[in-house]
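What follows is a set of notes on a single structure, which appears directly below.
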Protein chains: 2
Amino acid sequence: MAEDRRTRRTRRALNDALVGLVLERGYAAITVEDIAERADVARATFYSHYRDKDDLFTRVAAELLDELRERLKPLVAENAVGFTGKPVLEMFRHAQDRRDLYRIILRGEGDGKPLRMFTEDFVRATGLEFRKRAELNGVEPRLAPDLLARVWVGEQTAVLQWWVEHDTPPMPAEEVSRMLLDLAVHGRYWASGFPAPA
Amino acid sequence: MAEDRRTRRTRRALNDALVGLVLERGYAAITVEDIAERADVARATFYSHYRDKDDLFTRVAAELLDELRERLKPLVAENAVGFTGKPVLEMFRHAQDRRDLYRIILRGEGDGKPLRMFTEDFVRATGLEFRKRAELNGVEPRLAPDLLARVWVGEQTAVLQWWVEHDTPPMPAEEVSRMLLDLAVHGRYWASGFPAPA
DNA sequence: TAAATTTTCAGACAGAATGTTCACTAACTC
DNA sequence: GAGTTAGTGAACATTCTGTCTGAAAATTTA
């Protein structure tokens with residue numbers, strides 16, 4: 001028995017209503033009533049699907065994360081040797097496709113809970129990757145992989161946020177991900193045009 | 001006429017109560033009643049000082065920012081030529097002194113509003129600094145200063161958050177700020193132990 | 001110290017949003 | 001077409017909000 005068409009429809013409508021409203025008015029300013037109204041659904045129906053506003057937002061964010069993981073999976077497996085920009089680029093593309101949702105999550109709406117989910121997940125995966133890579137290539141990291149992962153994730157989310165907040169993209173996904181990679185590889189002196197010190 | 005001692009006392013009590021409660025239960029879970037109770041103040045008194053919960057949090061965060069700016073001021077003026085780690089170190093020290101407040105802000109409590117204030121302010125100052133420095137030294141940035149500022153702020157806040165979330169600091173302020181600086185200067189290949197590619 | 005000013009207090013109030021329940025109707029699956 | 005499941009709308013108690021009292025307490029000022 002496949003999922004009932006009605007539940008699919010109302011869930012979808014509620015998800016969309018949430019994202020739209022949060023984008024317009026901010027998470028704190030909207031009520032369950034508002035969401036139900038925009039979705040054209042009775043308020044009681046909302047509660048038969050989600051415990052509360054938070055529950056809805058959390059699930060929407062979790063689904064986005066699943067979607068992202070799914071898109072990244074084939075790319076991370078492939079390049080276990082060196083750093084390539086492929087996963088980074090794919091994330092920017094994903095953000096382009098689902099810009100509204102990325103926006104509100106990266107803004108820290110919902111008391112930052114969805115953003116924390118996103119970040120923590122990201123840090124975990126990155127840290128793992130860094131450690132694996134160091135071991136595989138027999139190199140000794142000069143900095144703790146955990147710290148390195150935080151920094152890398154921090155950079156990426158900062159730029160991602162900046163990028164999605166523009167109504168019209170300030171540069172294509174390819175360009176911004178290339179810049180980010182160059183910066184990570186060469187460091188800030190390189191990027192700012194200064195000659196590197198001793 | 002100096003400020004009435006009573007207002008100083010109750011404001012202080014309300015500020016502390018807010019920070020403590022948010023740390024324990026999260027911003028969304030606490031009510032004005034809770035804050036007033038912990039501060040041992042009538043609820044009506046709360047409203048004679050602040051418009052609502054948000055207003056209180058916003059002002060507390062703004063005061064922290066002022067405090068930080070005050071501590072940073074002498075350090076940024078002095079080193080207009082090269083990059084030194086002094087302002088970074090000072091920020092970590094400030095975070096150490098006011099750890100609880102830093103924690104809740106960096107967690108994105110209060111729908112991320114205080115965090116956005118923090119970040120935006122930081123980005124603005126950093127961007128300005130970058131531009132000034134490039135001009136002063138007659139170098140041509142390879143990346144837009146704005147983007148560079150975002151990245152730098154993203155790195156710093158990510159590490160800062162990681163650092164304050166430990167009950168006992170994982171490393172002293174001096175060490176973490178030095179690491180961060182090394183990383184920014186030399187880039188990720190250097191940090192991870194890989195030989196830099198062409 | 002006394003008078004004048006300001007702040008705090010406790011309680012009451014209407015309004016808004018929450019989360020639950022229920023009997024009924026509509027839509028869907030098989 | 002029969003049987004099952006989901007959505008409806010209305011009602012309900014509860015909680016929190018923000019505002020407003022008049023009286024009591026603490027403070028500043030003279």
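Residue numbering restarts at 1 for every chain, and letters A, B, ... go by the order of the sequence lines. As the structure is a prediction and not an experimental result, all values here were calculated from the model.
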For [X], enumerate each residue passing the salt bridge (Lys or Arg N to Asp or Glu O under 4.0 Å) test, keeping only those at least two apart in sequence or located in another chain.
| X | value |
| --- | --- |
| D66(A) | R69(A) |
| R9(A) | none |
| E155(A) | none |

What is the distance from [atom1] of [X] to [atom2] of [N], rounded to the nearest Å?
| X | N | atom1 | atom2 | answer |
| --- | --- | --- | --- | --- |
| E3(B) | dT5(C) | CD | C1' | 16 Å |
| R9(B) | dT6(C) | CZ | C1' | 16 Å |
| R51(B) | dT17(D) | CZ | P | 14 Å |
| D54(B) | dG18(D) | CG | C1' | 14 Å |
| E37(B) | dG11(C) | CD | C1' | 16 Å |
| D4(B) | dT5(C) | CG | C1' | 9 Å |
| F46(B) | dC16(D) | CZ | C1' | 13 Å |
| Y50(B) | dT19(D) | OH | P | 16 Å |

Please write out each protein N/O paired with an N/O of nucleotides 11-14 of chain D under 3.5 Å, distance rounded to 0.1 Å.
none

For residues 145-152 of chain A, tabulate all N or O donor-acceptor pairs below 3.5 Å that involve a side-chain atom, not counting sequence neighbours.
residue : atom : partner : partner atom : Å
D146(A) : OD1  : R131(A) : NH1          : 3.2
R150(A) : NH1  : E120(A) : OE2          : 3.4
W152(A) : NE1  : Q156(A) : OE1          : 3.1

Hey, which sits more toward the 5' end of DNA chain D by its nearest nucleotide, D40(A) or D52(B)?
D40(A)
Residue mapping more 5' on DNA chain D - nearest nucleotide basis, I30(B) or R11(A)
R11(A)
Would you say D121(A)'s side chain and M117(A)'s backbone share a donor-acceptor pair under 3.5 angstrom?
no
If only atom types and distance count, is the side chain of T45(A) paired as donor or acceptor with the main-chain N or O of V41(A) below 3.5 Å?
no
Review item, side-chain donor-acceptor pairs of residues 172-182 of chain A, under 3.5 Å, at least two apart:
residue : atom : partner : partner atom : Å
E174(A) : OE2  : R93(A)  : NH2          : 2.6
S177(A) : OG   : A173(A) : O            : 3.0
S177(A) : OG   : E174(A) : O            : 3.1

Carboxylate-amine/guanidinium contact D4(A) R6(A), below 4.0 Å
yes
Residue-phosphate contact under 4.0 Å: [X] side-chain N/O, [N] OP1/OP2:
| X | N | value |
| --- | --- | --- |
| S48(B) | dT7(C) | no |
| Y47(A) | dG19(C) | yes |
| T31(B) | dT15(D) | no |
| H49(B) | dT8(C) | yes |

Do L23(B) and R107(B) come within less than 4.5 Å of each other through their side chains, counting heavy atoms only?
yes
Distance, nearest 0.5 Å, that separates CD of E109(A) from CG of L18(A):
9.5 Å
Among dC9(C), dA6(D), dT18(C), the nucleotide that comes nearest once only the side chain of A42(B) is considered
dC9(C)
What orientation do Y50(B) and F46(B) show, parallel under 30°, tilted 30 to 60°, or perpendicular over 60°?
tilted
Write out a two-atom table: protein N or O, nucleotide N or O from nucleotides 21-26 of chain D, distance below 3.5 Å.
residue : atom : partner : partner atom : Å
dA26(D) : N3   : R6(B)   : NH1          : 3.0

Please classify the nucleic acid contact of T45(A) as base, sugar-phosphate, or nothing, using heavy-atom distances under 4.0 Å.
base
If we count only N and O atoms by modelled type, under 3.5 Å, do the side chains of H49(B) and T10(B) hold a donor and an acceptor together?
yes
Output side-chain donor-acceptor pairs under 3.5 Å for residues 28-39 of chain A, partner residues at least two apart or in another chain, one line each.
residue : atom : partner : partner atom : Å
T31(A)  : OG1  : E33(A)  : N            : 3.3
T31(A)  : OG1  : D34(A)  : N            : 3.0
T31(A)  : OG1  : D34(A)  : OD2          : 3.2
D34(A)  : OD2  : R25(A)  : NH1          : 3.3
D34(A)  : OD2  : T31(A)  : N            : 3.0
R38(A)  : NH1  : E24(A)  : OE2          : 3.1
R38(A)  : NH2  : E24(A)  : OE1          : 3.0

Which residue pairs pass the salt bridge (Lys or Arg N to Asp or Glu O under 4.0 Å) test with at least one member in residues 49-58 of chain B, sequence neighbours excluded?
D55(B)-R59(B)
Residues two or more places apart in sequence or in another chain: which of them pass side-chain hydrogen bond (donor to acceptor under 3.5 Å, both in side chains) with R5(B)?
none
Of residues 12-22 of chain A, the positions that come close to DNA chain D - non-hydrogen atoms, cut-off under 4.0 Å
none
Axis-to-axis angle across the helix from dT1(C)-dA30(D) to dC30(C)-dG1(D), five pairs an end, to 10 degrees?
50°
